[in-house]
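Values reported hereafter were calculated over all heavy atoms of this structure, with side chains retained and with hydrogens, waters and symmetry mates removed. If you're wondering where the values come from, they're calculated on a predicted model, not measured in any experiment.
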Amino acid sequence: MDNSSDNNDHKQQLDLITKLVPLYTLEGPILHQVYLDLVIVKRWYLIQPRETNGLCYLEGKETASSPAQVIFPLSARKTIKVDELFSLFSKLQHKTTIESGQNATQQSLSFLTLGIVDSDSTISYYRIHEKLVPPTE
């Protein structure tokens, strides 16, 4: 992908996020901030805003060959309980579809990532699995 097509793709995604912000007055700005962090700072390969079951979130891939991930933006001021995490995982449990040009890949959601935005604009990412996962070495 050349630089101009990257810029056009990012502009289209930002336009979509701009349309989502008024619909989700609390989550919209946080979605926008996490999107910019993943695209500009972390330089992810692909990020796309999504909306389903009354939730706005991001789907993306760190690299062209990495699996698709769901990133759910969340304010650090919001209290979230364990049962709410399970509910969130259930609502987002679907076949993720990441489109890159004419290629689309589908895969099952095995985890989701919380992008927690603090009042000083720092973002912490936490990977949440539905079940216990053995430690890696």
Side-chain angles (χ1 to χ4, degrees):
M1 219 189 282
D2 67 18
N3 212 10
S4 64
S5 66
D6 278 348
N7 290 336
N8 288 337
D9 188 46
H10 292 311
K11 182 173 179 354
Q12 290 173 348
Q13 302 305 335
L14 281 171
D15 288 345
L16 180 55
I17 288 173
T18 302
K19 291 176 185 172
L20 289 174
V21 168
L23 299 174
Y24 298 93
T25 54
L26 296 176
E27 302 92 346
I30 294 169
L31 176 88
H32 185 251
Q33 191 170 351
V34 171
Y35 174 84
L36 291 176
D37 182 61
L38 293 173
V39 169
I40 296 170
V41 178
K42 299 197 179 300
R43 305 186 61 73
W44 275 37
Y45 172 73
L46 185 65
I47 292 287
Q48 298 173 341
R50 297 283 192 233
E51 175 182 31
T52 188
N53 296 328
L55 299 171
C56 59
Y57 60 97
L58 301 166
E59 281 187 10
K61 295 176 81 168
E62 288 185 68
T63 65
S65 61
S66 65
Q69 298 183 42
V70 171
I71 302 93
F72 184 75
L74 188 66
S75 170
R77 295 176 184 238
K78 180 170 173 44
T79 302
I80 190 162
K81 299 176 184 171
V82 173
D83 59 334
E84 291 173 319
L85 284 174
F86 283 120
S87 175
L88 177 63
F89 197 92
S90 295
K91 286 179 182 178
L92 296 177
Q93 182 67 289
H94 65 289
K95 294 284 189 185
T96 56
T97 304
I98 298 293
E99 298 172 12
S100 174
Q102 296 182 5
N103 301 328
T105 59
Q106 288 191 342
Q107 61 191 48
S108 295
L109 180 67
S110 61
F111 62 87
L112 67 93
T113 303
L114 299 179
I116 301 174
V117 181
D118 206 345
S119 59
D120 66 356
S121 297
T122 56
I123 303 173
S124 300
Y125 295 95
Y126 292 93
R127 186 171 285 176
I128 305 295
H129 294 263
E130 190 174 22
K131 299 180 180 176
L132 291 176
V133 176
T136 58
E137 293 185 32

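Across all their heavy atoms, Arg77 and Ser119 have their closest contact at NH2-CB, 3.6 Å.
Separating the OG atom in Ser121 from the CG atom in Asp37 is a distance of 10.0 Å, to the nearest 0.5 Å. Considering CD1 of Ile128 and CZ of Phe86, their distance stands at 9.5 Å, rounded to 0.5 Å. Here the straight-line distance linking atom CD of Glu62 with atom CD1 of Ile47 works out to 9.0 Å at 0.5 Å rounding. Leu114 CG to Tyr57 OH: the interatomic distance, rounded to the nearest 0.5 Å, is 14.5 Å. Once rounded to the nearest 0.5 Å, the distance linking CD1 of Ile71 with CZ of Arg127 reads 9.5 Å.
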Checklist entry - Do Leu58 and Trp44 pass the side chain to side chain contact (heavy atoms under 4.5 Å, CB included) test, and can you show the C-alpha distance, the side-chain angles, and the key distance before you say yes or no? => result CA-CA 12 Å; Leu58 301 166; Trp44 275 37; over 6 Å; no
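Both Leu31 and Tyr125 are members of a single hydrophobic cluster when ILVMFWY side chains are connected at heavy-atom separations under 4.5 Å. Residues Val133 and Tyr126 fall into different hydrophobic clusters, defined by Ile, Leu, Val, Met, Phe, Trp and Tyr side chains chained together at heavy-atom separations under 4.5 Å. The cluster map of Ile, Leu, Val, Met, Phe, Trp and Tyr, joined by side-chain heavy atoms under 4.5 Å apart, puts Val41 and Ile123 in different clusters.
Gln33 places none of its side-chain heavy atoms less than 4.5 Å from the side chain of Pro73.
Checked options Leu38, Leu112, Thr113; the residue passing with Gln69 is Thr113 (criterion: side chain to side chain contact (heavy atoms under 4.5 Å, CB included)).
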